[in-house]
Amino acid sequence: MPLSFFDTVLECSAKTRRISLLRSPRSIRRPAPSAGRICASGSGRLLYSTSNGSSVAPHKNEEPMPPDYESITYWKDRFEGERHFEWLGDGKDTIIPHVRSHLLKLHKNGRRQVGQAAPSEPARLLHVGAGTSSLSERLRELYLDLYGDDVDQRAIVNADFAENLVSRKRSEEDARRATDGPCKGMRWVCVDALKWPELDSILEAEGGTFDLVVDKSTSDAISCGEDICYTSTDPSLHPAFNEYLAANQEKSLTLAPVEVFAIHLSSLVRPGGLWIALTFSSNRFPFWSSSKESADLSIPRATDYWALDQVITVDAPTGLEGNAHAPVVQHYVYILRRKDT
């Protein structure tokens, strides 16, 4: 597979939109419109992967920039032709073990039944920013393994904000249900995680809160966006934001998009539930430190709702085979637990 994300670490900055490359540590500007994916060659030289699949070096004085990973337009255009791509690996060795562990703990505590011969009520799982990764299939396989062949696969809800992708995936699951039975397909929903009404609609349409949320690099993409500023109460805002704005009418509320994302997710997960996030950044959730520095303690913060259980460092897949050498790149698995708040 072509090297793109796996041997480069994209550190997005909403204001400067810089990209840091492990093999080529120079700042780079946006490529020409005809350029496609940014890649690193085996020698460490920066290349463009063009629409016809060939790789070309940038002009001597041209410094490329990463795509707008936070943009729905970028993803809709990408998914028109893309059928499979893995960001940070497929999650089999990084995410799935933690999901399995949590499901087994739920069973031990009597919350959800695992391994019964008769159909059982499986834990509800939200896979946010599912994209074209095979992680959805790995989650299905895990549920079949733990709960048995009769498990209701609708307990797995895959979400993405690209309507074209969701429509395609939903059709595939509908076809599976038509052939194998009504419980044999996962759910697919089209939602923007930064738009509260769309996330809120999942609670009613999909049967209530979730036992856990899985996020494979979705928080990375969201972090590339600009800070979000709310200036007045509005029915479309999360209740915590409206409560703050109503009590502080002379103030606005500005939050990083990943913190908005975290607060939104908190309303979808029951107390004690997990958010398992795989990211390329060792500081993906900076609100753990910034919330302590805030002078206004009434500002809604993600730390009001989430406790950080664990951060696990894992070696990233290189995409290389044989004796080919690649620098060590590390990814991070965050285990966040929903507080009782």
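We number each residue from 1, following the sequence as shown. Predicted model, so just to flag it, every value in this text is computed and none were measured. Values below: all heavy atoms of this structure, side chains included; hydrogens, waters and symmetry mates excluded.
Counted within 6.0 Å of CD on E141, heavy atoms from surrounding residues, nucleotides or ligands total more than 12; the atom is thus considered enclosed. Applying the 6.0 Å contact sphere to NZ of K339 captures more than 12 heavy atoms from other residues, nucleotides or ligands. In E137, the CD atom is crowded: over 12 heavy atoms of neighbouring residues, nucleotides or ligands sit closer than 6.0 Å.
A salt bridge links D152 with R154: the distance from a Lys NZ or Arg NE/NH1/NH2 to an Asp or Glu carboxylate oxygen falls below 4.0 Å. The pair D160-K169 fails the salt-bridge criterion, with no side-chain N (NZ, NE, NH1 or NH2) lying under 4.0 Å from an Asp/Glu carboxylate O. Between D220 and R284 there is a salt bridge, with a side-chain nitrogen of the basic residue lying less than 4.0 Å from a carboxylate oxygen of the acidic one. We find that D304 and R301 are not joined by a salt bridge, their nearest charged nitrogen and carboxylate oxygen being 4.0 Å or further apart. The pair E173-R187 does not count as a salt bridge, with every side-chain nitrogen at least 4.0 angstrom from each carboxylate oxygen.
Annotation: side chain of L268 is not in contact with side chain of T209 (no heavy-atom distance under 4.5 Å). Here the side chains of Y244 and K251 are in contact, with some heavy-atom distance below 4.5 Å. The closest side-chain heavy-atom distance from V333 to I95 is not below 4.5 Å. For the pair L103/R100, no side-chain contact is recorded, criterion being any heavy-atom separation below 4.5 Å from C-beta on. In this structure the side chain of K184 reaches within 4.5 angstrom of the side chain of D150, judged on heavy atoms. In this structure the side chain of F210 reaches within 4.5 angstrom of the side chain of V157, judged on heavy atoms. Looking only at side-chain heavy atoms (C-beta outward), L265 and R338 stay at 4.5 Å or farther from each other. Side-chain contact between I312 and H98 is present, with heavy atoms from C-beta onward closer than 4.5 Å.
Ring planes of F241 and H264: tilted class, angle from 30 to 60°.
The minimum heavy-atom distance linking V191 with A159 is given by the pair CG2-CB, 3.8 Å. A pairwise comparison of heavy atoms in V214 and V99 identifies CG2-CG2, 3.8 Å as the closest pair. Across T218 and G129, no two heavy atoms sit closer than the pair OG1-CA, 3.3 Å. Between P97 and G91, the closest heavy-atom pair is CD-O, 4.4 Å. Of all heavy-atom pairs between Y143 and A123, the closest is OH-O, 2.7 Å. Residue D90 comes nearest to S134 through the heavy atom pair CB-OG, 3.5 Å, listed as atom of the first residue, atom of the second, then distance.
Here the side chain of D211 pairs a donor or acceptor atom with the backbone of R124 at under 3.5 angstrom. In this structure, the side chain of E198 engages the main chain of D192 through a donor-acceptor pair within 3.5 Å. No donor-acceptor pair closer than 3.5 Å links the side chain of R337 to the backbone N or O of L274.
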*asked:* side-chain contact (heavy atoms from CB on, under 4.5 Å), that's the test. Do H127 and M186 meet it? Break it down for me.
replied: CA-CA 11 Å; H127 178 197; M186 298 179 289; over 6 Å; no
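Separation of atoms CG (L212) and CG (L125) is listed at 4.0 Å; rounding is to 0.5 Å. With rounding to the nearest 0.5 angstrom, the CG atom of N248 is 9.0 Å from the CG atom of L253. Here the NZ atom belonging to K216 is positioned 12.0 Å from the OG1 atom belonging to T279, to the nearest 0.5 angstrom. Annotation: the span from L194 atom CG to I263 atom CD1 amounts to 11.5 Å, rounded to 0.5 Å. Expressed to the nearest 0.5 Å, how far NE2 of H331 lies from OG1 of T94 amounts to 9.0 Å. If you take CZ on F287 and CG on L308, they are separated by 8.5 Å, rounding to the nearest 0.5 Å.
Between W275 and the options Y334, F261, Y305, a ring pair (Phe, Tyr, Trp, His ring centres under 6.0 Å) holds for only F261.
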